[in-house]
Amino acid sequence: MEKLPDYLAHRREKLKKLKEKGINPYPYKFEKTHSSKEILESFEDLEKEKKVVKIAGRITSLRTHGKSIFFHIQDGYGKIQVYLKSDELGKEKFENFELFDIGDFIGVEGIVFVTKTGEKSIRASDFVMLSKSLRPLPEKWHGLQDKELRYRQRYLDLIVNPEVKKTFLTRTKIIQAMRKFLDDRGFIEVETPILQPIYGGASARPFKTHHNVLDRDLYLRIADELYLKRLLIGGFEKVYEVCKDFRNEGMDKNHNPEFSMLELYQAYADYNDIMKLEEELLKFVAEVILKKLIFVYQGDEINLDTEWKKIPLFESIKEYANVDLEKKDEEEIREVAKNLNLSVDEKTNKWKLVDTIFGNLVQPYLIQPTFITDYPIQMSPLAKRHRKKDHLTERFELFIGGLELGNAFSELNDPLDQKERFLQQMNLRDLGDEEAQVTDEDFLRALDYGMPPTGGLGIGIDRVVMLFTDSASIRDVIFFPQMRPEG
RNA sequence: GGGGGUGUAGCUCAGUGGUAGAGCAUCUGCCUUUUAAGCAGGUGGUCGGUGGUUCGAUCCCACCCACCCUCACCA
């Protein structure tokens, strides 16, 4: 048998001794009366009444003093100090504590008191092992710093870095707030397929899988769009889905292969209505989460309490890059990109060139909330033509803090136009654009039956969480980000 | 994929061409209000991996792996 390192062997030895004493190191349950938070909040009453409390949690620090011991236990809501005294527990019980370590789950019974140094604590009259820990926790003072370990072993990160737990609690509250906002406005939350025979609704490469019984390839969805629109056709007027989407593409601080999205559709609305809706939604979330509309993201002060700026895409490029691309042809735009030292090649098509120029010269400077509107048709195959400018669509993206937070259209509901757009996409695909969208015949058939005029919106939930928790990387707001196999 | 950085004890980090250190954790002893408890004494390492240079490599070189930053890609 392989020899364990000392720090593991010692704990195995203690585990064995517990069993020899007839103590189950992994019992089935413990009836708590309070959480640490509840005790601290109602401390004065508990102290006055000398009420016996029972609390459970993980030992996170330990100070022994011969015949007395102090330790903190951390539960799901905070931490509280416990005091053990030999006189009060009896010698045998007190000595059993030798088999407890930092990291173990313990149940404690006792009454509350305040120590000499003023800390609200529990004077234990009994304690019980709830789960023996066989590995040491990271260091108490610096916590877990190594990002790789923090992501791979998020549970440790959560145990020792309290601000991490707070970020994820905020994440949950943000999603709750989004649901409340939409539910209160009569939106219906729905679920649509993750496994799709034809992927659509966005421009991205998919993950592919296979159904054995049907002997058919399926794709993990890259968006929910085409299914939610089918529901509009079916008669729902306001729907939304909080979903995971999957895109088989690169990973960086703004992208994870699986990510969370909020998609919503509202019949009889256009993109102007959706702009207003998204602005109200994010202001509502900010009020709920931050209790204010002015906050700092990555060093920049962001003010949501303004009239949010709206600029057409080409205007924004004119404003920030000082060049008018709207009337230029592909070669002229390529020249512009090259002169700006952007890495583009002869294969980069016109629309990707525009996108690259925007992404490098405009997007990073969109710190205050800004709607970029009216994208070219070729960049927006699911968006309705602009009512006044035929070469553009009624589409917008929202940027705050340099982050792209949403993408929305007056949805294309002209079945023949949609068919044309799919054909254009297939042409791009034939020219080597692997992210070009795939024609979905069933969706076209559905559109033939008629979809009401509709406004739709997709919001990257992870990025909203980044914004409101001042996180620099998407990995800091996803519990278990995608990682390569351990090296 | 390109450029830069990091990788040393369970954790946080020093360090050196002659096979290694601190703090915390852990172990032993002392200690009945401590809280980064204290005091005394221990244990613990394939120095990310594989090759090369060298009498000798954790250190220098090459390649590989992982992670971070950045560019590209990716709405």
Side-chain angles (χ1 to χ4, degrees), chain A residues 3-11 13-14 60-72 79-89 94 98 101-103 113-119 121 123 133-153 156-157 159-161 202-205 222-223 247-257 259 313 341-345 348 351-352 354-356 358-360 363 372 375 379-380 395-399 403-408 433-435 458 460 463 472-475 481 483-487:
Chain A
K3 191 180 178 301
L4 290 171
D6 284 351
Y7 68 91
L8 296 180
H10 289 138
R11 289 186 179 228
E13 190 58 32
K14 287 177 181 176
T60 53
S61 66
L62 181 56
R63 297 168 291 283
T64 63
H65 298 270
K67 298 205 163 41
S68 75
I69 296 170
F70 287 92
F71 59 89
H72 279 94
K79 52 172 67 176
I80 190 165
Q81 181 170 255
V82 177
Y83 178 52
L84 301 183
K85 205 175 168 188
S86 178
D87 297 350
E88 295 177 11
L89 288 159
F94 184 82
E98 285 172 12
D101 288 297
I102 290 173
F113 77 110
V114 179
T115 64
K116 248 184 210 169
T117 52
E119 179 164 352
S121 305
R123 185 188 302 266
S133 166
L134 298 180
R135 287 177 188 270
L137 292 178
E139 198 223 1
K140 62 185 173 188
W141 192 238
H142 300 90
L144 189 64
Q145 298 294 328
D146 187 302
K147 283 198 181 175
E148 183 172 357
L149 291 181
R150 288 183 46 215
Y151 296 146
R152 289 194 196 278
Q153 296 181 272
L156 291 179
D157 195 24
I159 293 168
V160 302
N161 296 329
S203 300
R205 281 177 287 170
I222 59 173
R247 298 187 185 176
N248 204 340
E249 286 167 353
M251 294 145 60
D252 62 30
K253 65 180 178 169
N254 292 317
H255 297 85
N256 193 63
F259 62 100
L313 175 68
N341 279 326
L342 301 176
S343 76
V344 295
D345 59 33
T348 314
W351 313 109
K352 294 215 162 187
V354 172
D355 201 39
T356 301
F358 173 81
N360 282 280
Q363 181 175 343
I372 299 295
Y375 288 68
M379 293 170 82
S380 318
R395 171 184 178 188
F396 72 82
E397 293 197 337
L398 172 67
F399 297 87
L403 294 171
E404 183 204 322
L405 290 182
N407 183 26
D433 183 353
E434 288 185 72
E435 280 117 27
R463 293 180 187 171
S473 169
I474 199 168
R475 297 191 149 193
M483 302 287 280
R484 288 193 174 81
E486 287 185 48

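Reminder, nothing fancy here: chain letters follow the sequence lines and each chain counts from 1.
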Could you state the atom-to-atom distance from NZ of A:Lys67 to P of B:G29 in whole Å? 12 Å
Do any side-chain nitrogens or oxygens of A:Arg152 fall under 4.0 Å of OP1 or OP2 in B:C67? yes
Of B:C73, B:C24, B:C67, the nucleotide closest to the side chain of A:Lys140 is B:C24
Using the P atom on both, measure B:U58 against B:C24 and round to a whole Å. 29 Å
Selection from B:A37, B:C68, B:A36 that lies nearest to any side-chain heavy atom of A:His65: B:A37
Can you identify which nucleotide, out of B:C73, B:U33, B:G10, has its nearest atom closest to the A:Lys116 side chain? B:U33
Can you identify which nucleotide, out of B:U26, B:A66, B:U32, has its nearest atom closest to the A:Arg484 side chain? B:A66
Round to the nearest Å and state the distance from A:Leu144 atom CG to B:A9 atom P. 14 Å
Would the base of B:U34 count as contacting A:Thr115 through its side chain, where contact means a donor and an acceptor less than 3.5 Å apart? yes
In whole angstroms, how far is the P atom of B:C71 from the CG atom of A:Asn254? 11 Å
In whole Å, measure the gap between the P atoms of B:C73 and B:G15 for me. 39 Å
Options B:U32, B:C67, B:U26, nucleotide nearest the side-chain atoms of A:Lys85: B:U32
Given atom CG of A:Asp252 and atom C1' of B:C68, what is their separation to the nearest angstrom? 13 Å
Rounded to the Å, how far apart are A:Glu139 CD and B:C11 C1'? 6 Å
Between B:C31, B:U43, B:C27, which nucleotide has the shortest distance from any of its atoms to the side chain of A:Lys14? B:C27
Please verify the inter-ring angle class for A:Tyr375 with A:Phe358; under 30° counts as parallel, over 60° as perpendicular, anything in between as tilted. perpendicular
Answer yes or no: does a side-chain N or O of A:Arg150 lie under 4.0 Å from OP1 or OP2 of B:C67? no
Shortest side-chain distance from A:Glu148, nucleotide among B:C73, B:A36, B:A66: B:A66
Spacing of the C1' atoms in B:U16 and B:A25 (rounded, Å): 26 Å
Pick the C1' atom in B:G3 and in B:C59, then give their distance to the nearest Å. 25 Å
Regarding the side chain of A:Gln145, the nearest nucleotide among B:U70, B:U32, B:C13 is B:C13
Between B:U33 and A:Arg63, counting only base atoms on the nucleotide and side-chain atoms on the residue, is there a donor-acceptor pair under 3.5 Å? no
In whole Å, measure the gap between the P atoms of B:A20 and B:C63 for me. 29 Å
When you measure from the side chain of A:Phe113, which nucleotide among B:C27, B:U33, B:C73 comes out closest? B:U33
Closest listed nucleotide, where the reference is the side chain of A:Ser121 and the choices are B:U70, B:C74, B:U34: B:U34
